[in-house]
4 protein chains.
Amino acid sequence: MDRHERHQQILRHARDVFARQGFHASNIDDIVESAGIARGTFYLYFDDKRSVFEALVDRFMGRLRATITRVDPSHPTLPVEQQIKGNVQRVIALIFEDRATTKLLLNDAMGIDPAFDAKLARFYDDLATLLEESLRDGQFLGIVASGDTRLFAYFAMGALREIVFQVLIRGVEVPPASGGDETAGLVDSIFEFLRGGFLRLPHFVPHLNTRRNDDDTRVTETVGPDSVTGTALLTRANTSSSTAAARRSTHPESTANLAKG
Amino acid sequence: MDRHERHQQILRHARDVFARQGFHASNIDDIVESAGIARGTFYLYFDDKRSVFEALVDRFMGRLRATITRVDPSHPTLPVEQQIKGNVQRVIALIFEDRATTKLLLNDAMGIDPAFDAKLARFYDDLATLLEESLRDGQFLGIVASGDTRLFAYFAMGALREIVFQVLIRGVEVPPASGGDETAGLVDSIFEFLRGGFLRLPHFVPHLNTRRNDDDTRVTETVGPDSVTGTALLTRANTSSSTAAARRSTHPESTANLAKG
Amino acid sequence: MDRHERHQQILRHARDVFARQGFHASNIDDIVESAGIARGTFYLYFDDKRSVFEALVDRFMGRLRATITRVDPSHPTLPVEQQIKGNVQRVIALIFEDRATTKLLLNDAMGIDPAFDAKLARFYDDLATLLEESLRDGQFLGIVASGDTRLFAYFAMGALREIVFQVLIRGVEVPPASGGDETAGLVDSIFEFLRGGFLRLPHFVPHLNTRRNDDDTRVTETVGPDSVTGTALLTRANTSSSTAAARRSTHPESTANLAKG
Amino acid sequence: MDRHERHQQILRHARDVFARQGFHASNIDDIVESAGIARGTFYLYFDDKRSVFEALVDRFMGRLRATITRVDPSHPTLPVEQQIKGNVQRVIALIFEDRATTKLLLNDAMGIDPAFDAKLARFYDDLATLLEESLRDGQFLGIVASGDTRLFAYFAMGALREIVFQVLIRGVEVPPASGGDETAGLVDSIFEFLRGGFLRLPHFVPHLNTRRNDDDTRVTETVGPDSVTGTALLTRANTSSSTAAARRSTHPESTANLAKG
DNA sequence: AATGAATGAGCCTTCATTCAT
DNA sequence: CATGAATGAAGGCTCATTCAT
């Protein structure tokens, strides 16, 4: 086994060990035992425990950066929306392809080390800045709502981060899109949310208005003030178990499992 | 100093030490040195390092749960929107009031322990379920867009989580709302984002249209297909430094500092 | 509660705690909690943990010494044998009366401290010397076999120590003597053993012969050379469980429980 | 140094440290310092302090069990008595060969741990059961007195235990047998004691009678009742020092040193 | 290159003892 | 006298890292 292969082998096993037990609960023994190598061999390839972790996350962050391609509005065949959607799709695909490392990035990466925290912050900043710049462009084109684009970037990243966390780490399931693969439903949902949030893609504006922004007449028809009978955006938690709460809900079809019922 | 005071004192110092160094990088010595007590004294009040941390986070989670009050649509004076906004405001206020513990919850809470991970998951599940149920009610009333409410809940929580993280941990600043206090701007931004996402509050629809959705004429003017001159929603990262990227940006006013320029 | 009462109370609880958990596994907390006093109060009555233990064992050793009364061969009413038996009886009675402290003496007293080990050694030496001197006298009178009396003393003390240990600590039961109380059977057994070993009390010799030394005829009948078919005094341990071994024994009535079956 | 050697080295040093200071007064540092190894090295070979101790005692108990061989009454050359004596000799030899571990077994083994106490109890139970079964066989053959064999077993074990303790731990010396090695005298003494106690070996019966059980006539000659002038089996302890007691004794040749005077 | 035994700093935790109230 | 909070020395154990083979 040549040097590169051995390097990859250790990375692979370290990743799995970290993903299973968490960075802090894993020790060098776990890794070398998993990889079937001697303790000392590990140190021939990595300086220390931290650096394996860093290599894993670095590689993954690089892939994430690389997968986000420039949107070209003058593209001959692909409309802007498709390009944007493509970015989201590729990011999601990458994440699903390497669930273990995604877990590390989301669960373990922070708190390793001040230096590593800084690197992580830089990564997220870069992503946020990228997104922010794009949103500025979008505002210029009229396809992004006016407002603070940095905030929009954080909102978008936060929403994406959370749903990825829930699906990958917590095991929440999303209903697959019609005719789509495993992640298509997720991509669609995110995209719809982002579109509803601050995207104003021109050919969707009427559609949006039709579906979501009712005119006065129709609003009056469906949600006139006298029809408001009592509801809550947020209700106080009054059960110790969320599943129990869901069960007692007046909407029994609501479960943590989001697969289309 | 009586038992309760000493307990609080240790909690306070432990919180600050954890917030400064992270849970894993902190040791009992750091805590007792900060509190100015003997090593053994710590163990008179807490079983171990983990349990202080747990006490801190438990207390904070309890406060968060308690601060979210039931929305009453038939309230004589407060409109539904104000009640919802009130919930967001109080959560934000609580978070800003105890930045250190918020930091712990966001940065350190995961990976402590399988048992603690489970508790954390339960907490977030409860919140998500609460939100989900409210969104169901909202859908019934016509003030929440149709769609998977569980996903909506995750999106909202993720967005909130991220902005709180950026503001509190990363030091990002948000412009204060006109005439509002420190957090008012943040609350408004979140609320606007959520409203744009899936809220359909009837009396805000025209307002929304006015502020965010340009009228037909202007839309046609700015984003007609032939006016698209070339831009990107997302562009490939091509610098290692976000500040360098920001500097090269065509939108020089864009910085990590979101304070109104 | 006056000083003496409090002193006794602490001793009593310390004794019980030590007996239950052993000296090394017991801590001051266990004792003060059991006694229902404050930590500091303990130190008003005893210098340290060791000294409570020492007080307990000292008191007990003193009682043991005091209970052994001088045998007077010219006693008007009590024959020598009865006086000897009386000593054994009183020792056994004392031991049974304070099982907890006996446990301490047998199980925990050694290894506390070099100084305490020395004291313990002195105590046992004193007893051995007492016994040795008596045996010398007995040899002079012809009621003790010739031989090294110091060895005899150790043998006697060891046998006594072991049976007391088995009965009190391990819970072995001995069959009560006919018409005797709880400990009479034990006293008789010990006494018979010692008598068979090296005591030569004249008026018991025929009795001994009758009960224990078969006459030639009967010996020939039971153990003539041609009747020896093969057996063992000591057999190699070949089972992991003594109870299993006992069960497989050709003498099924043999159990650890010595109560008359 | 290979793994096994290092293991043995640690065991050896741990044994010596424990024997010198006692289990509870010894700490890991004492052991590793004695062995000249690092703290961590110790934990490569043993789980904890307790487990080294356990390894020592386990090994020793195993040896003791293994050294006791089956007695074969139909043996062509060795008479039963010699076989029994052989067992005693080998046990004594083993004990003298590893004085340090014997010390541990007798002084430190109890009170380590409830689990270890149980193991110890099982060991002694096994020995007692072995002995008991042999005694039963002996009774059948007519070479063991009638009576409770379990009690006999405890008496024998207790006597052996005590003399071993006195000789090995307390430094008492026994006179060597004529023409025998260091332990021969001890073996003979024990054997004689046991024989006088409950063994009834056929070819020794007359011998016993001759030496130890005087007939009436001879008894009358030597210890007639009127010649009893006053003595004690047990006299009250009246000195704090055994040596002082011995000095004041009417039998000045009596000392703790049992070497033939 | 590979090994794995050895290292020892570091950390958590216990608990006998003190002392101000 | 009684209290019990506070103390801090002591000790067990871990584990990332080194290095001779």
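Numbered from 1 within each chain, the chains take letters A, B, ... in sequence-line order. These numbers come from a predicted model, not from an experiment.
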Toward the 5' end of DNA chain F, by each residue's nearest nucleotide, D:Arg39 or C:Asp2: C:Asp2

First encountered from the 5' end of DNA chain F, between D:Phe42 and C:Tyr45: C:Tyr45

At a heavy-atom distance below 4.0 Å, what parts of residues 8-27 of chain B sit against DNA chain F?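 When residues 8-27 of chain B is checked for heavy atoms under 4.0 Å from DNA chain F, there are no hits whatsoever.
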
Identify, between C:Asp47 and A:Arg6, the residue whose nearest nucleotide on DNA chain E lies closer to the 5' end. A:Arg6

Judged by nearest nucleotide, the residue sitting upstream toward the 5' end of DNA chain E, A:Gly36 or B:Lys49, is A:Gly36

For the atom pair CG (C:Leu168) and CG (C:Leu105), what is the distance rounded to the nearest 0.5 Å?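 Rounded to the nearest 0.5 Å, the CG-CG separation comes out at 11.5 Å.
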
Roughly how far, to the nearest 0.5 Å, is the CD1 atom of B:Ile112 from the CZ atom of B:Arg50?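 Between B:Arg50 CZ and B:Ile112 CD1, I get 8.0 Å after rounding to 0.5 Å.
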
Rounded distance (Å) that lies between atom [atom2] of [N] and atom [atom1] of [X]:
X       : N      : atom1 : atom2 : answer
C:Leu44 : E:dT18 : CG    : C1'   : 11 Å
C:Glu33 : E:dC15 : CD    : C1'   : 15 Å
A:Asp30 : F:dA16 : CG    : C1'   : 13 Å
D:Glu5  : E:dA5  : CD    : P     : 14 Å
C:Phe46 : E:dA16 : CZ    : P     : 15 Å
D:Asp48 : E:dT13 : CG    : P     : 17 Å

According to salt bridge (Lys or Arg N to Asp or Glu O under 4.0 Å), who are the partners of B:Arg170, at least two apart in sequence or on a separate chain? A:Asp125

Return the set of residues passing salt bridge (Lys or Arg N to Asp or Glu O under 4.0 Å) with B:Lys49 (not counting sequence neighbours), or none when no residue passes.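 Checked B:Lys49 against salt bridge (Lys or Arg N to Asp or Glu O under 4.0 Å); zero matches.
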
Please tabulate, one pair per line, all N/O donor-acceptor pairs under 3.5 Å involving side-chain atoms of residues 35-46 of chain B, not counting sequence neighbours.
| unit_1 | atom_1 | unit_2 | atom_2 | d |
| --- | --- | --- | --- | --- |
| B:Arg39 | NE | B:Asp29 | OD1 | 2.6 |
| B:Arg39 | NH2 | B:Asp29 | OD1 | 3.3 |

Under 4.0 Å, counting only non-hydrogen atoms across every strand here, what does D:Ile28 touch: a base, just sugar-phosphate, or nothing? sugar-phosphate

Assign C:Asp29 to base, sugar-phosphate, or nothing according to its heavy-atom contacts below 4.0 angstrom with the strands shown. nothing

Can you tell if the side chain of C:Asp58 reaches within under 4.5 Å of the side chain of C:Lys119, non-hydrogen atoms only? yes

Compare all side-chain heavy atoms of C:Leu11 with those of C:Arg59 and state whether any distance is below 4.5 angstrom.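 In short, these two side chains touch, coming nearer than 4.5 Å.
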
Could you give me the stems involving DNA chain E, meaning stretches of three or more consecutive Watson-Crick or G-U wobble pairs whose two defining distances are both below 3.5 Å? E:2-21 with F:2-21

Fit a plane to each ring of A:Phe18 and A:Phe53, take the angle between them on a 0 to 90° scale, and name the class: parallel (under 30°), tilted (30 to 60°) or perpendicular (over 60°). perpendicular

Regarding C:Asp98 and C:Arg15, does a basic nitrogen lie under 4.0 Å from an acidic carboxylate oxygen? yes

So, are D:Asp30 and D:Arg20 salt-bridged, with charged N and O less than 4.0 Å apart?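 Salt bridge: no.
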
Count the heavy atoms belonging to other residues, nucleotides or ligands that lie under 6.0 Å from CD of D:Glu33, then report whether that count exceeds 12. no

Distance-only side-chain donor-acceptor flag, D:Gln9 / D:Arg12, under 3.5 Å: no

Pairwise N/O distances under 3.5 Å, protein to nucleotides 19-21 of chain F:
none

